[in-house]
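For this chain, numbers begin at 1 and follow the sequence in order.
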Amino acid sequence: LFYTRRTSQGPAEVLVYPGAVNPGRSVAVGGGLSLCTAMSECDFTIQAKDSFGNLVYNKGGEAWVSHLTGEGGWALLGRTNDYATGEPVQYAPRVSSKDWSFLGWASVEHGGRHALGTSRDFSALVRRGDSLVVGKEVFSVDSYGPGFNATTVPLSSAYRGVGGRIAVYRSGPLTGKYTVSYTPKVRGAYRLEILAPARPTVLNITTRVARDGSLLRGNFSLTGALLGLKGDDQWSSGALPFDAAASDLERALQRAVRLFDVSVNRTNCGAPEATCSWLVTFSPVGDASWRLSLGPVGAEASR
């Protein structure tokens with residue numbers, strides 16, 4: 001007789017939290033998106049979402065990059081009264097997190113219900129029932145649990161993450177929302193851009209011997225694109241030898257991809273005629289509105 005049976009630990013409760021912030025799925029609402037009066041503060045709100053559209057309620061502090069640039073009228077001319085610079089007016093709107101403040105560090109064990117050895121007196125900063133984020137998990141300060149003092153905070157449920165010294169934040173119902181505010185001093189039309197912070201892109205390039213057993217030789221090249229707000233910019237490394245040194249590949253890519261700092265580390269290349277790998281890191285410089293395309297990135301070989 002066969003029948004289904006649970007394991008000794010089952011059934012188990014699984015909590016699923018939102019993923020990393022995806023700027024393409026995040027949304028912005030508010031009057032400051034479309035209309036403002038010169039010399040007055042205007043604002044709007046960003047709601048952070050992950051790649052699947054889930055509200056990100058367990059993290060604040062996203063370092064959004066904001067630009068407000070004149071595109072028409074006096075704002076385009078850089079004009080104030082009778083004087084014009086000829087350059088567009090530019091502002092950097094202020095971005096502030098809602099319901100998000102760093103409290104400090106605490107020691108938390110997997111399965112534990114207390115944050116221990118806090119880096120400062122949390123009891124002076126939060127009360128029972130207040131919402132906390134420990135690591136990536138959301139708790140409240142337990143309403144009745146013992147041990148609420150200068151170095152210990154009781155949690156409303158067991159900590160499910162890996163134990164250790166964990167960052168603790170005070171959160172609330174508005175966590176994951178951000179207020180963007182600005183005060184334009186010059187009338188005219190503007191272009192408003194809110195961008196996610198630029199992050200390094202890592203590309204692993206590996207050459208291997210052909211299936212027929214013939215050894216590697218000749219040259220190869222890499223191609224791709226920079227994707228920007230005003231169009232795409234194609235790039236190419238030019239011809240590189242099959243056993244290119246890290247410094248040679250780095251110089252070639254630095255010339256080709258101008259808006260990124262490039263660093264290259266060559267590995268597993270004792271016999272380059274059989275296989276060789278290059279770990280390439282692209283770190284954005286300046287304008288965060290550009291991103292490097294990894295798809296498609298082309299590789300062409302020649303004998």
Side-chain angles (χ1 to χ4, degrees), residues 18-51 53-81 83-104 125-126 130-133 136 138 167-200 228-230 259 283-291:
V21 173
N22 183 330
R25 298 299 300 272
S26 301
V27 296
V29 295
L33 284 171
S34 58
L35 185 65
C36 190
T37 301
M39 305 303 294
S40 299
E41 182 175 271
C42 301
D43 61 55
F44 59 93
T45 298
I46 298 173
Q47 171 62 70
K49 296 185 179 184
D50 68 9
S51 296
N54 298 303
L55 302 183
V56 178
Y57 61 85
N58 62 334
K59 180 186 176 184
E62 188 75 12
W64 299 98
V65 179
S66 57
H67 301 290
L68 187 67
T69 306
E71 279 199 325
W74 285 19
L76 176 61
L77 300 174
R79 179 177 174 180
T80 302
N81 295 326
Y83 175 74
T85 65
E87 297 291 332
V89 176
Q90 295 185 333
Y91 300 103
R94 300 175 299 279
V95 183
S96 58
S97 301
K98 295 186 177 184
D99 279 350
W100 187 253
S101 58
F102 177 64
L103 296 179
L125 304 172
V126 295
D130 283 352
S131 180
L132 301 175
V133 172
K136 296 181 180 180
V138 179
V168 181
Y169 294 83
R170 181 174 181 173
S171 59
L174 299 180
T175 299
K177 292 186 177 182
Y178 302 79
T179 298
V180 184
S181 57
Y182 58 94
T183 304
K185 298 179 180 179
V186 179
R187 71 178 191 178
Y190 290 82
R191 181 178 73 254
L192 175 64
E193 300 168 345
I194 303 295
L195 310 165
R199 295 182 175 90
L229 296 174
K230 293 185 176 181
L259 298 175
S283 300
V285 176
D287 190 353
S289 64
W290 289 90
R291 63 185 178 89

Fill in: Test item: Val89 and Lys185 side chains (from C-beta on) under 4.5 Å apart, heavy atoms
no
Item to complete: With sequence neighbours excluded, give me every salt bridge (Lys or Arg N to Asp or Glu O under 4.0 Å) pair touching residues 84-95.
Response: Glu41-Arg94
Worksheet item: Can you tell me how far the OG1 atom of Thr69 sits from the CD atom of Glu193, to the nearest 0.5 Å?
Response: 5.5 Å
Worksheet entry | Derivation of the side chain to side chain contact (heavy atoms under 4.5 Å, CB included) call for Tyr169 and Ser101 | CA-CA 6 Å; Tyr169 294 83; Ser101 58; over 6 Å; no
Worksheet item: What are the two closest non-hydrogen atoms of Met39 and Thr183, and how far apart are they?
Response: C-CG2, 3.8 Å
Worksheet item: Going by heavy atoms in the side chains, are Val186 and Arg79 under 4.5 Å from each other?
Response: no
Worksheet item: Could you walk me through whether Val138 and Ser131 pass the side chain to side chain contact (heavy atoms under 4.5 Å, CB included) check?
Response: CA-CA 7 Å; Val138 179; Ser131 180; 3.9 Å; yes
Item to complete: Describe, in one word, how the ring planes of Trp64 and Tyr178 are oriented to each other, choosing from parallel (under 30°), tilted (30 to 60°) and perpendicular (over 60°).
Response: perpendicular
Item to complete: Find the distance between NZ (Lys49) and CG (Leu55) and round it off to the nearest 0.5 Å.
Response: 6.0 Å
Worksheet entry | Flag, side chain of Ser181 to backbone of Asp43, donor-acceptor distance under 3.5 Å | no
Practice prompt. Write down the atom of Tyr182, the atom of Gly32, and the distance for their closest heavy-atom approach.
Written response: OH-O, 2.5 Å
Worksheet entry | Nearest heavy atoms of Gln47 and Val56, plus distance in Å | NE2-N, 4.2 Å
Item to complete: Give, for atom NZ of Lys177 and atom CD1 of Ile46, the distance between the pair rounded to the nearest 0.5 Å.
Response: 12.5 Å
Fill in: Contact summary for Val29 and Phe44, nearest pair of heavy atoms
O-CB, 3.2 Å
Worksheet item: With no hydrogens and no angle check, do the side chains of Asn22 and Ser51 hold a donor and an acceptor under 3.5 Å apart?
Response: yes
Response to the item:
The reported gap from CD1 in Ile194 to OG in Ser26 (rounded to nearest 0.5 angstrom) is 11.5 Å
Practice prompt. Could you pull out the closest heavy-atom pair between Arg25 and Gly53, with the gap in Å?
Written response: NH2-CA, 3.7 Å
Practice prompt. Show your working on side chain to side chain contact (heavy atoms under 4.5 Å, CB included) between Val95 and Glu62 and close with a plain yes or no.
Written response: CA-CA 9 Å; Val95 183; Glu62 188 75 12; over 6 Å; no
Item to complete: Evaluate the side chain to side chain contact (heavy atoms under 4.5 Å, CB included) criterion for residues Leu103 and Val126: first the C-alpha distance (whole Å), next the side-chain angles of each, then the deciding distance (0.1 Å), finally the verdict.
Response: CA-CA 9 Å; Leu103 296 179; Val126 295; 3.8 Å; yes
Worksheet, complete the sentence: In this structure, OH of Tyr190 is separated from CG of Leu68 (nearest 0.5 Å) by 6.5 Å
Discussion item. Nearest 0.5 angstrom please: Ser66 OG to Leu192 CG, how far?
Written reply: 8.0 Å
Discussion item. Measuring only between side-chain heavy atoms, which start at C-beta, is Ser171 closer than 4.5 Å to Asn58?
Written reply: no
Worksheet item: Are any side-chain N or O atoms of Thr175 and backbone N or O atoms of Asp99, one a donor and one an acceptor, separated by less than 3.5 Å?
Response: yes
Worksheet entry | Minimal non-hydrogen separation, Pro184 against Ser40, with atom names | CD-O, 3.6 Å
